[in-house]
Asker: 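Please find one structure pasted underneath; my questions will follow.
Within every chain, numbering begins at 1; the chains are lettered A, B, ... in the order of the sequence lines, protein sequences first and strands thereafter. Predicted model, so just to flag it, every value in this text is computed and none were measured.
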Amino acid sequence: MSKDDARLERLQGMLRQRGIILPAFDLYGGAKGLYDFGPVGGRLRSRLNQVWLDHWLSLGNVVEISCPTVTPYEVLEASGHVGEFSDFMTVCGQCDEASRADTLLEGYHPNPDALAKAELQSLLEEVNPECPSCSSRDWSEIIAQNLMFSTTIGQGSEGFMRPETAQGMFTSFPALYRHFRERLPFGAVQVGKGYRNEISPRQGMIRLREFNMAELEYFIDPNEPLEHDFSSWSSKIFNLVDGEGTLHSMSLAQAVEKELIRHATVGYFMGKTYDFLVGIGIDSSRLRFRQHAADEMAHYASDCWDAEIEGSYGWIECVGIAHRGCYDLEAHEKATGKTLRARREFSEPKIVEIDGWTIDGGVAGPAFRADAGQVKTIVESFESSVEFPADITLSDGRVVTVQSEHVKRVQKTVKETGEWFIPHVVEPAFGIDRILWHVIDHAFEETEKAGEPYRMLKLADSIAPIDVAILPLFEKDGMDELALELHQRCCQKAGIVSLYDGSGSIGKRYARADEVGVPICVTVDHQSVEDRTVTIRNRDDGSQTRISMDELPFL
RNA sequence: GCGAGCGUAGUGUAGUGGUUAUCACCGGGCGUUGCCAACGCCUGAACCCGGGUUCGAGUCCCGGCGCUCGCACCA
């Protein structure tokens, strides 16, 4: 076992014992890929969510929404998840090793990932590749393994648990567009659960079947480059790994200018992401951004940068910042026939001369009956120079003759002041559990105290699950009453979580508080009973100061 | 899903067929102690689940569940 593995095990043991992160349904033997946030972890998670929300809402043109996790089949069919969000697996008949069919066929097709199941099956049979583990050539039929959790809605309609929160924001586009008075750019954020029925969840909190995600969908006009202020990062050098794996160390503004980052808004959100992660305690030296290679991109993305954080499991993708283009809104438009567009006014109105034909409904209607609609479409496509009577061919091959009394000349001037277009979307998507894991990993500090191992979580104040621990030096002589009174006062303060601990020696209580990352401990001692002063102990350096208990900074 | 290893109190562990399952930390109570895991006494807590072999199973066998690693996938 390596040194890091041993540290990881000690950390996980501590997290279980202190009620931060525990295996879910442990009582029943546990359930793979599912975790509980315990009495301390629950608060930690909600704090992190709140800091995340505040961070993005501060942009000023972003709103928070909340959509269902249960999602109708059609929505995820339109978004491409039903078709794309699956792996096609095949099993070796000799060694039982399961492989992805598209991976096996990589050398035989430019993009096997894009093939439909039947095409993939026939290509597999044609090529019959070697098994990577036993070199035989004996493959089972391909099985589609969809990564979404199926469910039934009501009596019989099919649905899924959402694999991402994003679709709810796309389907809410009309309400968002109205809310923002039909002016781009704007965004919507959502924090909530997502579900992926992973074949094999691994690495603790890193790959889960139910997980917390936080996503921003930022809608922009692709024709109007946005002005983004990169000045706050001007002196920061970012670690940027491009699609070929080459590391570039430069400022964000430079990277955008050199088009290493292809879109300024993506670059801007990378900066905002950096601020968020470092703000909650991620070690900036163990943070980098990596661009997806073309073949690595999700089915909806046209450019994507991941924020990767280094921790006990190596470099892990914790945030994906994707340029989704108009993919999603267009897909939902096509599926529903509804308009999911924004209006762009021209700087100068366009004058369009229309000179052509249309049908005279009163005459052509009775004459062509069911075909009248088709006749109209065809006639309206004619140049003004066409002469009637004219023979036209309908879609089923029949030929009808259009007489001059069936048609009318159309001549008008139309002024177009703008046009409708499908907005593009830039999406920063955060894996909250992965981030939380790395926050803990980076905050976990092992030292020694009097020869004994000593552990603490140096969590940022903004996410610490417990703000203050109130400790009576002894539970007697009035110290316990005074401490309880103070504890009650703290708890009544909105946003403050206080922990009362009167059990064990004072040193032991400090140690326990340090393990759950309480930034300050307030100790009520004999002098407190005399003059209502208390000592405040700082977690990170152990320093203590005495102060009147009525003047505590957070009250 | 397949292969390999593993599964004993809250945590970390000892126990390789023999009856009251080890040790430490831990949790609780009382006492003591004037502030960094102190001490004393008392006390709490476990063999993952189910089948099998055996006179007897924590220990051996089979199946399930879970954990770790590899293949694979991803926020």
Asker: Can you tell me how far P of B:C74 sits from CD1 of A:Ile435, to the nearest Å?
Answerer: 18 Å
Asker: Using whole Å, what does the distance between atom P of nucleotide B:C67 and atom CG of A:Leu22 come to?
Answerer: 14 Å
Asker: When the P atoms of B:A14 and B:U53 are considered, how many whole Å apart are they?
Answerer: 31 Å
Asker: If the P atom of B:C65 is compared with that of B:G56, how far apart are they to the nearest Å?
Answerer: 29 Å
Asker: Could you run down nucleotides 31-47 of chain B 5' to 3' and tag each one B, S or - for protein heavy-atom contact under 4.0 Å?
Answerer: --BBBBBB---------
Asker: Using distance alone, with no hydrogens and no angle criterion, decide if A:Asn49 and A:Ser46 have a side-chain donor and acceptor under 3.5 Å apart.
Answerer: no
Asker: Need one value for A:Gly504: base, sugar-phosphate or nothing, where a base atom within 4.0 Å counts as base even if backbone is also close, heavy atoms only.
Answerer: nothing
Asker: Between A:Thr533 and A:Asp531, do the side chains contain a donor N or O and an acceptor N or O under 3.5 Å apart?
Answerer: yes
Asker: Are A:Phe170 and A:Arg324 packed together at the side-chain level, in the sense that at least one heavy-atom pair is separated by less than 4.5 angstrom?
Answerer: yes
Asker: Using atom C1' of each nucleotide, how far apart are B:G7 and B:G58 to the nearest Å?
Answerer: 11 Å
Asker: Quick one: do the A:Tyr313 and A:Asp441 side chains pair a donor with an acceptor below 3.5 Å?
Answerer: no
Asker: Roughly, in whole Å, what's the span from CG in A:Asp26 to P in B:G66?
Answerer: 12 Å
Asker: Looking only at atom C1', what distance separates B:U33 and B:G40, rounded to whole Å?
Answerer: 12 Å
Asker: With both distances under 3.5 Å as the test, what is the Watson-Crick or G-U wobble partner of B:G5?
Answerer: B:C67
Asker: In terms of the nearest nucleotide of RNA chain B, which residue is placed more toward the 5' end: A:Arg16 or A:Arg207?
Answerer: A:Arg16
Asker: Which part of the nucleic acid, if any, lies within contact of A:Gly33, taking any heavy atom under 4.0 Å across all strands shown: a base, the sugar-phosphate backbone alone, or nothing?
Answerer: sugar-phosphate
Asker: How long is the straight-line distance from OG of A:Ser505 back to CG of A:Leu473, given to the nearest 0.5 Å?
Answerer: 10.0 Å
Asker: Could you check whether any side-chain heavy atom of A:Phe444 comes within less than 4.5 Å of a side-chain heavy atom of A:Leu459, counting everything from C-beta outward?
Answerer: no
Asker: If I pick the P atom on B:C48 and the same atom on B:U59, what distance separates them, to the nearest angstrom?
Answerer: 8 Å
Asker: A:Leu11 has an atom CG; how far is it from atom P of B:G10, in whole Å?
Answerer: 20 Å
Asker: Between A:Glu9 (CD) and B:G5 (C1'), how many Å, whole number?
Answerer: 13 Å
Asker: Please report the distance separating the P of B:U8 from the corresponding atom of B:G66, rounded so that it comes out in whole Å.
Answerer: 16 Å
Asker: In whole Å, I'd like the distance from the CG atom of A:Leu208 to the C1' atom of B:G66.
Answerer: 15 Å
Asker: In whole Å, I'd like the distance from the CG atom of A:Asp5 to the P atom of B:C69.
Answerer: 8 Å
Asker: What's the CG-C1' distance between A:Asp501 and B:C26, to the nearest Å?
Answerer: 13 Å
Asker: On a whole-Å scale, what distance lies between the C1' atoms belonging to B:A21 and B:U13?
Answerer: 13 Å
Asker: Can A:Thr523 and A:Tyr510 be counted as having a side-chain donor-acceptor contact under 3.5 angstrom?
Answerer: yes
Asker: With a 4.0 Å cut-off on heavy atoms, is A:Ile206 in touch with a base, just the backbone sugar-phosphate, or nothing at all?
Answerer: base
Asker: Go through the structure and list residues passing side chain to side chain contact (heavy atoms under 4.5 Å, CB included) with A:Ser462, not counting sequence neighbours.
Answerer: A:Val51, A:Ala460
Asker: Take atom P in B:U43 and the same atom in B:U68, then report the distance between them in whole Å.
Answerer: 38 Å
